[in-house]
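Quick note on labels: first sequence line is chain A, next is B, and so on, each numbered from 1.
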Amino acid sequence: MIQLAGAVVLLVVSALAVAAFPRSILVFLLFQTALLAVYLARMPTWLRAALLGIALLVMMPLIGLYNGYYLEVATQVGIFVALALGLNIVVGLAGLLDLGYVAFFAVGAYSWAIFGSPQANAVFGGGFPLAPIWFYVFLLVGLGVAATTGVVLGLPVLRLRGDYLAIVTLGFGEVIRVLANNLDKPINLTNGPRGITPIARPPAPFGMPYPEYFYFLVLAIVVVVVLVNRRLEDSHIGRAWEAIREDELAAQAMGVPLVRAKLLAFACGASFAGVMGVVFSAKQVFINPESFTFLESIGVLAMVILGGMGSIPGAIIGATVVTVLNLQVLKGLSLWLNELKNAGVTVLGWNLANLPTQLEPAKYERMIFGIILVLMMIFRPQGILPVRRRQRELAARATTSEAPETVAPAR
Amino acid sequence: MDFALLANILPQVLIDGLILGFMYALIALGYTMVYGVLEFINFAHSEIFIVGAFVGVEILLSLKSAGILDGLPWPVVLLLLLVAGMAVSGALAVTVERVAYRPLRGAPRLIPLISAIGISFFLQDLIRLVESIWRNAFNLVYPTIDVLNERFELTPTIDVSLKSLVVIAAALVMLAGLHAVVNRTKIGTAIRAVAEDQTAASLMGINVNRMISLTFLIGGAMGGAAGVLFGVQYGLINPYTGFIPGLKAFTAAVLGGIGNIPGAMIGGLVLGLLEAFAASYLSLLTGGAFGAEYKDIFAFSVLILILIFRPKGLLGEVVRERA
Amino acid sequence: MCSYPVRSLLALGAGLALMLVGEAPLLEAQSKGTIKIASQSPLSGGQAALGEGIKLGTQIAIEKLKGPVEKHGFKVELVPFDDQAKPDVGVANARNIIADKDILVVIGHLNSGVAIPSSEVYKEVDLAMVSPANTNEKITDRGYPNVNRVCGRDDVQGPVGAEFAANTLKVKTAYIVHDKTTYGQGVAEAFRKDLEKKGVKVIGFDGTEEKSNFDPIITPIKAKNPDLIYFGGIYDQGAPFFKQAREKGIKSKFLGPDGLDSSDLVKIAGKAVVGMYYTTAAAPASSTQAKQFADEFKKKFGKSPEPYAAESYVATAIALKALESLVSGGKAPSRSEVAKAIRKVKYTGMTGTIEFDDKGDPKKASYYVLQVSSDNPEKWSENKEAKRLAIAAPAATK
């Protein structure tokens, strides 16, 4: 009961606080913590769903009216949640180490970008861009194209294990990026490094302003993705994936169709990225190959692992934490320090304005991110919200210093 | 197509490819040795490699500002750089292992991988912090040692600088040395034992932890030496320079068969040659439709082809089968 | 799920709330009569050196020129943002920027790929953006009233180089290499188009993302032996490229765009680039203003100005000049007022006289072709002017 009350109070208070101090990033973090508290607190499921629903459907857009930045962060978190969930299938469920996941995202994004902008005229001579309403059709087209790409990637790597797979997927991600960067000759498909713009946005229902529209669209897609993931996890194919992850040889011996399962894993995982890619390109109005680098792939992988491999709430939390860290916490720290500098605050008698430019926190986001990754892996390798079985495996390992004995699977 | 032109530049391309290949081979050794004993991809190795380059440049710059750089014979300078680079990189590798990888021994392979990625990010920015405070610069330039830049024109199209010869020679010496250590000394045998079966090795009285540290030391030292040679050969480094050659060297290690030391050497050479060929010939062969920018894709496609037909790499894997 | 994490979460939430209390007074203190100028550029990652140049140039301009605005009772502050050269981060920062009502001008970005989507966000509130470095045509071709740039466009700088190469250097063959970025490829393509129109044969056009090892690309170039080699890109790639080319015995002339305009070019390449040419819209630093700027920059930050630091200074100066004309009433101006005022500013400074046309491009930009005179980085400001051209930005094509 205390937990329930505490969570609700935190939620309400933080929402009001954001209205009062729209520019304080700390307050927004408080709001996000409140969401997490609501998720974790012990309360009947219907109440939890209702509270989260109100928070995400009503409070969030209202907060967006006070400061569009938060809505933008929430939308980006949503996009990465979908990506993390997709990668979760490939890496978490099926155990296939994919270091080039961003390639599917890129493929989806470019599919709408090329046809939803004048770019396709360079190839087909005319008739483009398509009417914006085609965006909804392209959500499915992007899904299909990405899934096909997933299968194309999957075919040559079927026989590869572990780290060979990693290197090939990594290379594949790079191949897609280099192709995007160079397919401006002989035929100009992607316009190379200059990117494609303007990409048409679909007409917003009820005349909603675009930031709100994209927020709801992303939210809707994330809900669908979560539902699909849940069903996949508990299904025949989900169990086949987990069998492959644990021991490929044994799975094969038990009759699991390896080829089909692996290709399906790639295709499913890729399809989520493809759909989000289409949304991404419409939201940004401009895409170029710089958004689809190896570092993005690593970022999504980090989200999945930090959150807890194979776990759906884990992927969601991982995506939230990493995105918020990059976009809000570290930047907020720099901005805060900057405000202190401008206000002439002194620390122990030493004027902060004299802080050499080399030490400015904004520049060391990567370093801090790296430290966080290492610390998380050492002290909580199972992730923030792990699947229960893994929790037992890895927590046991953390307390002894040797490899764990096999634990009876529990769920 | 101008076949005469293509044939003309062939020897030069070969030489360029060899230089690149030897460098990749040296870096790849670090990846492959660590993988051999721990079955783990040391993502941070690319930073360990570039730290060697930074040590080299710092020493050179200090010598230059002390005014004694020109007075010293170049073999002495080079030796100094190599020793210093190897020492620092090796020590760094051992430290990283103790701090970030040892606590994760035995965890599923993705966990130390993420930790390695974290260390890689951390080191990149750490180098940047140190250099920006010390030298207030992002890009660091290797002072030229004029003697090394002397060029020999063997024919009008073949051009070899003393620098390239020195780099190749140094790489060869180091590879031979490593081969000797790993195959002819007791320590090398111990490392190979640990790579094959950790439990059995410890039962034989081998201090597994120490051997693993030693592996990191040697691998790191190779990387550091590669860093110094890289800096001497190409002249310009910044904290993020290590990332791409590191990635390519890792590809080379996989290409040759991960865990396999001769495999890493072969893989490195093959990759270097492929890259040089692609960069020089692609635009000539395709009439400008596909140019040097496709060299990485080309090298990578060859990698996939090789892996399809030989899934364990060119020389096969020398790692214990997963039980 | 045990309740331990929930409790720790609630504790964390309480802790954050406490921190908030500590922050609140600071938040209030800012907004009284403060005008903020934001800068957005990559401050981390591979392009940090250039991005920092933009921030520092803005900073030095604010410190030097804020007097007239502050006289009317306002405080002028710089708020630097790091867009990490990524469009998503740039857009997120942009949303944060527009939420801060005190920010009236944005100086940025470095990458056109980040500037384009971010400027869509700025447009929503008429927030003026003055770009020191974005050279892609699309930035201003969209005709937004709040987007301006003080640097040249790729499709102007390319022809400047081509004109010089064809008619002054009188070369017959040229080989073009670029760095596969929006900037490098853009200016290289513009150069090539114009060069071919002027009758010079382009015997090679290559792009590369390579940063250190250019040997494989240099080999075919050497075999083909062009009169001129043009490198479209930034000095940190151009310098090693030229250096390695000379080391391999290439004797062709070198030419490049303003990405090479930095003393680090000779620091890295040394004698290899002495005698080469580059185009730039920034006046040769032998003019007193530019030299003064370089000296002040060095004194304050301990290093020579990066490319685009001077342009950022000019962009900020223009913004401050516009603000000056609006604050005489003692009230902070609105963002649309600032945007309109910036369009009307006529400013003479280091990079010449700048006036914006109806798209936000500088009218009749003066372009200089400079020749590197010495391999001593300290003497960068003594580069000789080889040619001066005045070219207008192309009119709106839509």
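Here CD1 of A/Ile244 is found 6.5 Å from NZ of A/Lys262. Values are rounded to the nearest 0.5 Å.
In terms of modelled atom types and a separation under 3.5 Å, the side chain of B/Thr95 and the main chain of B/Ala91 share a donor-acceptor contact.
Contacts of A/Leu295 with chain B are made by side-chain atoms alone, with heavy-atom separations under 4.5 Å and no backbone atom involved. For a residue to count as touching a neighbouring chain, one of its non-hydrogen atoms must lie under 4.5 Å from one of that chain's; by this rule A/Leu183 touches chain B with backbone and side chain alike. Both the backbone and the side chain of B/Ile119 come within contact range of chain A, with heavy atoms under 4.5 Å apart. Interface residue B/Leu126: backbone and side-chain heavy atoms are both found under 4.5 Å from chain A. Heavy atoms closer than 4.5 Å to chain B are found nowhere in A/Leu375, neither backbone nor side chain. Using a 4.5 Å cut-off between heavy atoms, B/Leu113 contacts chain A through its side chain alone, with no backbone atom that close. Contact annotation for B/Phe243: only side-chain heavy atoms (C-beta onward) come within less than 4.5 Å of a heavy atom of chain A. For A/Ile167, the parts lying under 4.5 angstrom from a heavy atom of chain B are both the backbone and the side chain. In this structure, the portion of B/Ile41 lying under 4.5 Å from any heavy atom of chain A is its side chain and not its backbone.
Ranking B/Asp125, B/Ile297, B/Val254 against chain A, the residue ahead of the rest is B/Asp125, based on heavy-atom pairs under 4.5 Å. Note on B/Leu123, B/Leu255, B/Val99, B/Leu247: by heavy-atom pairs under 4.5 Å with chain A, the leading option is B/Leu247.
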Evaluate the salt bridge (Lys or Arg N to Asp or Glu O under 4.0 Å) criterion for residues B/Glu97 and B/Arg105: first the C-alpha distance (whole Å), next the side-chain angles of each, then the deciding distance (0.1 Å), finally the verdict.
CA-CA 10 Å; B/Glu97 193 267 327; B/Arg105 208 92 49 86; 3.0 Å; yes
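Using modelled atom types, one finds a donor on one side chain and an acceptor on the other under 3.5 Å when comparing B/Tyr24 with B/Glu275. Residues B/Tyr35 and B/Asn42 bring no donor and acceptor atom of their side chains to less than 3.5 Å of each other.
Taking all atoms of both residues into account, the shortest heavy-atom contact from A/Ile89 to A/Ala265 is CG2-O, 4.1 Å.
Between A/Leu83 and A/Met303 the shortest side-chain heavy-atom distance does not fall below 4.5 Å.
Aromatic rings of B/Phe298 and B/Tyr294 (six-membered ring for Trp) have centroids beyond the 6.0 Å cut-off, not under it.
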